[in-house]
Amino acid sequence: MSDIATIMQTSAVIPVLVIDDAAIARPLAEALVAGGLRVLEVTMRTPAALDAIAEMKKVDGAIVGAGTVVNSDQFEHVMAAGAEFIVSPGLSDKLGRQIVDSGVPFLPGVATAGDIMRGLDMGLTHFKFFPAETSGGLPALKALAAPFYQCRFCPTGGISEATAPDWLAFNPVLCVGGSWVTGGTMAEVEAKAKRAATLRD
């Protein structure tokens, strides 16, 4: 995958994964990919995250990125682990420009018009709307998206299987991020992934 727009349009839902044990990473990725969710975001919230990225990349069809990347050191570590795209919770000038200059697909978090304008100044048009529900939900994103007609979004934060279709029905939303597809047995994860993969149909 060469650009963030293509990655965002690969699956209706990007699983947001907090992995405490790298041993489950590969089976989890296999279950999610089998269910139709190929784009996987491993958050940098646990010591196992870097190993989890490396394990998930062994799964055919998986597109594995790193989330919750907040500084240059983390960025260098996740790139060394093989991350194929980068997600950050916000957008700072220093980290943003470093990632943009690297050429790796980048999905920075935004919650305000100022955030989006900072991204546009860096040549970015695709953003994570985060935290989606507590930043005003779908009405807030609709209000933000109106003046920024060229932008596309992946809302993340508080979105559930029940609310995802409403977000996905809004044209500037290419996908949503969610953690509801994880948890349970691998068979249960695959079943949840299959349902999630059809939410945009």
Closest non-hydrogen atom pair, [X] against [Y]:
X	Y	result
Val176	Trp180	CG2-CH2, 4.2 Å
Gly183	Val189	O-CG2, 3.4 Å
Met8	Cys175	O-CB, 3.4 Å
Leu168	Ala12	CD2-O, 3.7 Å
Val181	Ala196	CG1-CB, 3.8 Å
Ile53	Ala81	CG2-O, 3.7 Å

Keeping [X] on the side-chain end and [Y] on the backbone end, is there a donor-acceptor pair under 3.5 Å?
X	Y	result
Ser11	Arg38	yes
Glu133	Gly157	no
Ser88	Leu91	no
Thr198	Arg195	yes
Asp3	Thr6	yes
Arg200	Val13	no
Arg152	Tyr149	yes
Lys128	Val87	no

Heavy-atom side-chain contact between [X] and [Y] under 4.5 Å:
X	Y	answer
Val78	Leu50	yes
Ser102	Phe75	yes
Ile7	Leu107	no
Phe106	Ile4	no
Leu138	Lys142	yes
Leu144	Phe153	no
Ser179	Val18	no
Glu30	Asp60	no

When rounded to the nearest 0.5 angstrom, what distance separates [atom1] in [X] from [atom2] in [Y]?
X	Y	atom1	atom2	result
Gln74	Thr68	CD	OG1	8.0 Å
Arg97	Asp121	CZ	CG	7.0 Å
Leu17	Glu41	CG	CD	7.5 Å
Leu32	Thr182	CG	OG1	8.0 Å
Ser92	Gln98	OG	CD	9.0 Å
Thr10	Ile63	OG1	CD1	4.5 Å

- Message: Between Leu120 and Thr125, is the side-chain contact (heavy atoms from CB on, under 4.5 Å) condition met? List the steps.
- Response: CA-CA 6 Å; Leu120 289 172; Thr125 55; 4.1 Å; yes
- Message: With a sphere of 6.0 Å drawn around CG of Asp93, does it hold more than 12 non-hydrogen atoms of other residues, nucleotides or ligands?
- Response: yes
Cluster link [X] to [Y], ILVMFWY, side chain under 4.5 Å:
X	Y	result
Leu40	Phe130	no
Phe170	Ile159	yes
Leu95	Met44	yes

- Cationic N near anionic O, under 4.0 Å, Arg118 to Asp115: yes
- Query: Charged N to carboxylate O below 4.0 Å: is that the case for Glu188 and Lys192?
  - Reply: no
- Criterion side-chain contact (heavy atoms from CB on, under 4.5 Å) on Phe129 and Trp167, from CA distance to verdict: CA-CA 11 Å; Phe129 179 54; Trp167 289 95; 4.0 Å; yes
- Message: Determine whether Met56 and Leu28 satisfy the following criterion, side-chain contact (heavy atoms from CB on, under 4.5 Å), listing intermediate values before the conclusion.
- Response: CA-CA 8 Å; Met56 287 186 162; Leu28 179 60; 4.0 Å; yes
